[in-house]
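Just so it is clear, the values below take in all heavy atoms, side chains as well, and ignore hydrogens, waters and symmetry mates. These numbers come from a predicted model, not from an experiment. Sequence lines set the chain letters: A, B, ... in the order given, protein chains first and strands last, and positions in each chain run from 1.
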Amino acid sequence: MRDLQKEILELLEKDSRLSKTQLAKMLNVTPEEVEQIIFELEQDNVILKYHTVINWEKQACPRVTALIEVNITPQREVGFDKIAERIYRFPQVKSVYLMSGSYDLCVIIEGETMHDISFFVAEKLAPLEHVNGTKTHFVMKRYKEDGVIFSGEEKDKRLVVSP
Amino acid sequence: MTINPGSFINEAVKSIPPSGIRKFFDLVSQTEGVISLGVGEPDFVTPWHIREACYYSLEKGFTMYTSNYGMPELRKAISVYLQKYALEYNPLDEILITVGVSEGVDLALRALTSPGDEILIPDPSYVSYAPGAILAGGTPIPLSTYEKDEFKLTPEELEHKITSKSKVLILTFPNNPTGAIMTKEDLEKIAQLVEKYNLVVISDEIYSELTYEGKHYSFAALPGMWERTITLNGFSKAFAMTGWRIGYAAAPKEIISAMMKIHQFSILCAPIMGQKAALEALINGESEMKKMVHSFNQRRNLIVNGLRELGLDCFEPKGSFYAFPSIKKTGMTSEEFAEKLLLEEKVAVVPGNAFGESGEGFIRCCYAASVGNINEALERMGRFLNRL
Ligand SMILES: Cc1ncc(COP(=O)(O)O)c(C=O)c1O
């Protein structure tokens with residue numbers, strides 16, 4: 001059976017600006033059907049947000065990003081979740097993942113300067129109860145993010161007309 | 001004495017008219033800011049794992065000739081692959097790796113045609129069959145296909161064109177430029193005539209993976225047809241590998257060995273880099289290929305719905321990556337329409353008559369283009385049509 005929800009999600013994941021009529025034409029269904037499905041996906045929190053991938057460096061307002069490995073002691077009953085929450089509530093924290101392997105939480109944080117980040121780690125993150133240690137890795141260069149290559153899309157190199 | 005170098009050219013070559021596509025290409029190339037729906041290849045670059053496999057083979061030093069037939073591993077992989085179309089070919093002597101399906105078409109025509117033989121070719125269709133027939137010493141006979149029959153080849157038209165000189169029937173479905181397909185039932189009716197008139201068939205199935213309603217059916221899989229069919233296929237379209245130039249022919253060994261004779265003296269073997277990449281495509285390429293087909297299908301819907309909204313009659317193409325709308329309503333010929341559209345709105349499409357007389361009144365719009373470009377092209381075409 002055709003999974004229309006999945007098809008819509010995959011198309012929006014690649015280009016969230018596709019309009020409902022566009023989607024309807026591509027999927028050969030009515031705009032009303034698309035509208036209804038998107039509405040439900042938004043209601044169910046499957047679609048959380050429509051966001052834009054930006055290369056800030058080109059705008060001459062660079063941002064500093066760091067990946068922080070965090071080791072923590074899980075707590076009875078709530079495991080890692082409680083402490084993860086205390087971390088992800090900081091707005092400068094972009095992503096938090098629970099990891100398998102040699103550390104527990106992977107925290108991705110963004111700031112305007114390196115100082116912002118070291119301040120956050122030293123003052124906010126490391127002193128948290130149950131946090132046993134952190135290791136900060138600064139991002140030096142972005143090659144690809146969210147499936148987008150930062151050097152720009154490759155140009156169409158095909159002949160303009162061919163048999 | 002003044003020498004005219006042109007006088008040295010052989011008569012068959014001289015008799016071939018210049019390509020309609022070439023003419024249009026020159027025109028488009030002189031125009032800036034064109035959105036092109038005029039291409040005949042996927043807009044995807046070859047999947048990275050395939051390109052990477054070629055790097056690896058170069059690193060390992062695979063830079064030599066292969067067997068005339070092509071790499072044994074590749075022929076083996078092709079024989080396994082063709083089973084999905086219920087085709088059984090022995091990789092040892094029933095499969096030949098060619099330089100694209102283009103070479104396969106040429107070899108097949110040269111191996112089968114004797115002077116004066118008539119070669120039956122669906123019209124409109126891909127541009128190389130008729131010239132290939134002439135160069136092989138045969139006479140091309142167009143078999144008209146019509147929108148009202150969904151551009152399928154009908155048994156009536158075939159039987160009508162068969163004479164005592166008929167030798168070869170070319171089948172080329174899914175079709176370029178119409179997007180038509182032939183189902184098993186459609187092919188069965190053709191097979192009866194093939195048998196009745198003792199024809200041999202060249203079946204160009206290069207778009208076999210690109211069907212959007214049901215699976216492709218191979219002509220050679222019909223009872224009694226295997227012995228009289230050369231199946232041609234390749235990597236250009238399904239795996240986005242046009243520049244690698246790898247295709248293959250599969251047929252009974254007597255026919256393959258005849259094609260091999262020509263191939264070994266004119267080509268020797270297909271390039272090993274391409275063969276290595278093709279092997280990777282067959283072994284690990286299915287999932288990416290499926291994704292590309294899925295994406296073509298979405299764009300097919302987009303362009304067909306879009307063209308119809310513009311008021312053009314557009315038959316539903318069920319294969320390949322072309323839409324073939326009729327522009328008869330405008331009162332213009334295909335060439336006039338395409339030229340005017342190019343000059344006024346900078347959208348390139350290919351006039352249908354470049355693919356044969358029955359293509360007159362239609363234009364070929366390739367939807368292997370980005371969604372953004374398809375939308376923009378449709379918008380420009382809308383403006384253009386409104387002004388007429
Ligand atoms: C029907 C058909 N056959 C053959 C070819 C040539 O393919 P190849 O790149 O394998 O030579 C094309 C290319 O457009 C085609 O449309």
Open item on the list: Is it the case that atom CD in A/E13 sees more than 12 heavy atoms from other parts of the structure closer than 6.0 Å?
Closed with: no

- [ ] Just jot down the side chain to side chain contact (heavy atoms under 4.5 Å, CB included) partners of A/K82, sequence neighbours excluded, or say none.
- [x] A/Q75, A/V78, A/E85

Task: Residues which pass side chain to side chain contact (heavy atoms under 4.5 Å, CB included) with B/N353, listed by chain and number, not counting sequence neighbours - done: B/S334, B/E335, B/P351, B/E360

- [ ] For atom CD of B/E52, decide whether the heavy atoms of other residues, nucleotides or ligands shown that lie under 6.0 angstrom number more than 12.
- [x] yes

Task: Toward chain A, the part of B/Y126 with a non-hydrogen atom under 4.5 Å - done: side chain

Open item on the list: Quick check on B/R300 against chain A: is it the side chain, the backbone, both or neither that has a heavy atom closer than 4.5 Å?
Closed with: neither

Open item on the list: Quick check: closest heavy atoms across A/P163 and B/I21, and the distance to 0.1 Å?
Closed with: CA-CD1, 3.5 Å

TODO: Considering non-hydrogen atoms only, spot the tightest contact between A/V161 and B/F24 and give its length.
DONE: CG2-CD2, 4.3 Å

- [ ] Under 4.5 Å heavy-atom distance to chain B, tell me which part of A/D156 shows up: side chain, backbone, both or neither.
- [x] neither

- [ ] Could you tell me the separation between the OG1 atom of A/T21 and the CG atom of B/N305, rounded to the nearest 0.5 Å?
- [x] 11.5 Å

Open item on the list: Tell me whether A/H115 at atom NE2 has more than 12 heavy atoms from other residues, nucleotides or ligands lying less than 6.0 Å away.
Closed with: no

TODO: Look at atom NZ of A/K135 and say whether more than 12 heavy atoms of other residues, nucleotides or ligands are closer to it than 6.0 Å.
DONE: no

Task: Enclosure of A/F138 CZ (heavy-atom neighbours >12, cutoff 6.0 Å) - done: yes

Task: chain A contact residues among residues 33-47 of chain B, heavy-atom distance under 4.5 Å - done: B/S36, B/G38, B/V39, B/G40, B/E41, B/P42, B/D43, B/V45

Task: Results of side chain to side chain contact (heavy atoms under 4.5 Å, CB included) for A/E112 - residues two or more places apart only - done: A/D116

Task: Over 12 non-hydrogen atoms of neighbours within 6.0 angstrom of CZ in A/F150 - done: yes

Task: Inter-residue atom distance B/E309.CD - A/K25.NZ, 0.5 Å rounding - done: 4.0 Å

Task: Which portion of A/L23 sits near chain B, non-hydrogen atoms under 4.5 angstrom - done: neither

TODO: Count the heavy-atom pairs under 4.5 Å between each of B/L302, B/T242, B/N176, B/N297 and chain A, then report the option with the highest count.
DONE: B/L302

Open item on the list: Could you measure the distance from the CD atom of B/E316 to the CG atom of A/N28? Nearest 0.5 Å is fine.
Closed with: 7.0 Å

TODO: Please report the closest heavy-atom contact between B/V371 and A/M26, naming both atoms and the distance.
DONE: CG2-CE, 3.6 Å

Open item on the list: Contact between A/L27 and B/Q298 at the side-chain level, heavy atoms closer than 4.5 Å - yes or no?
Closed with: yes

TODO: Can you establish whether the number of heavy atoms outside A/Y97 located under 6.0 Å from its atom OH is more than 12?
DONE: no

Open item on the list: Does A/M114, at its CE atom, have more than 12 non-hydrogen atoms belonging to other residues, nucleotides or ligands within less than 6.0 Å?
Closed with: no

